Every structure is written in C-alpha cells, then in structure tokens.
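These notes concern the structure reproduced below.
The model shown is predicted, which means the values in this text are computed figures rather than measured ones.
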Amino acid sequence: MGMLTVDLDAKAEKALGELTSDGRSVNDAVREALVVAQRLRRMELARIAAERLSNDPADRAEAEAIMKDTEHLRAW
C-alpha cells in the first residue's frame, strides 16, 4: 500500500472537512474520494465514447441494420 502526501487548497480543505465531519477518518475519506473520482472519470469517458459513436454515420447505420435484423425478436 502506498502513501500519498497532498497540498490542499481552501476548496479541498473544505471538502475534506465535510467528508470527515461525521467522524470518518481522513484516510477513509480520501480513499473513498479516489474511488468515486475514478468511477466518475470512467463514466465521463464512456459518455464521450458513446457521443462519438452516435455521431458516426457508419456506426449509426450498422446499429440501425442490426435493429432491423433483430426486430422479429422483440416481445412487443
């Protein structure tokens, strides 16, 4: 397990204070914040990729062809 030293600005100090106001340790708050930040980053990258694909005419045509080919599989 690694160790991290960070210089906090006023905004980060305030956030850390809020995250630890319930008695949670600084270590636990920072660990959780890193995991949440990673999840948010992955979600943003997925959103960007989906947007890029939705603007790609070839990909849209392929998706529409697949939907047409599998329309008979729909329940309603």
For R24 and D22, run salt bridge (charged side-chain N to carboxylate O under 4.0 Å, His left out): C-alpha distance rounded to whole Å, both residues' side-chain angles, the deciding distance at 0.1 Å, then the answer. CA-CA 6 Å; R24 182 183 342 194; D22 62 355; 3.8 Å; yes

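- We find that R47 and E51 are joined by a salt bridge, their nearest charged nitrogen and carboxylate oxygen being less than 4.0 Å apart.
- In this structure, the side chains of R31 and D28 come closer than 4.5 Å at one or more pairs of heavy atoms.
- Interatomic distance, CG of L45 versus CG of L40, reported as 11.0 Å (0.5 Å rounding).
- Other members of a hydrophobic cluster containing L19 are absent, since no ILVMFWY side chain comes under 4.5 Å of it, directly or through relayed contacts.
- Hydrophobic cluster membership for V6: L4, L8, L16, V26, V30, L34 (Ile, Leu, Val, Met, Phe, Trp, Tyr linked by side-chain heavy atoms under 4.5 Å, directly or transitively).
- Taking a cutoff of 4.0 Å between a charged side-chain nitrogen and a carboxylate oxygen, E44 and R41 do not qualify as a salt bridge.
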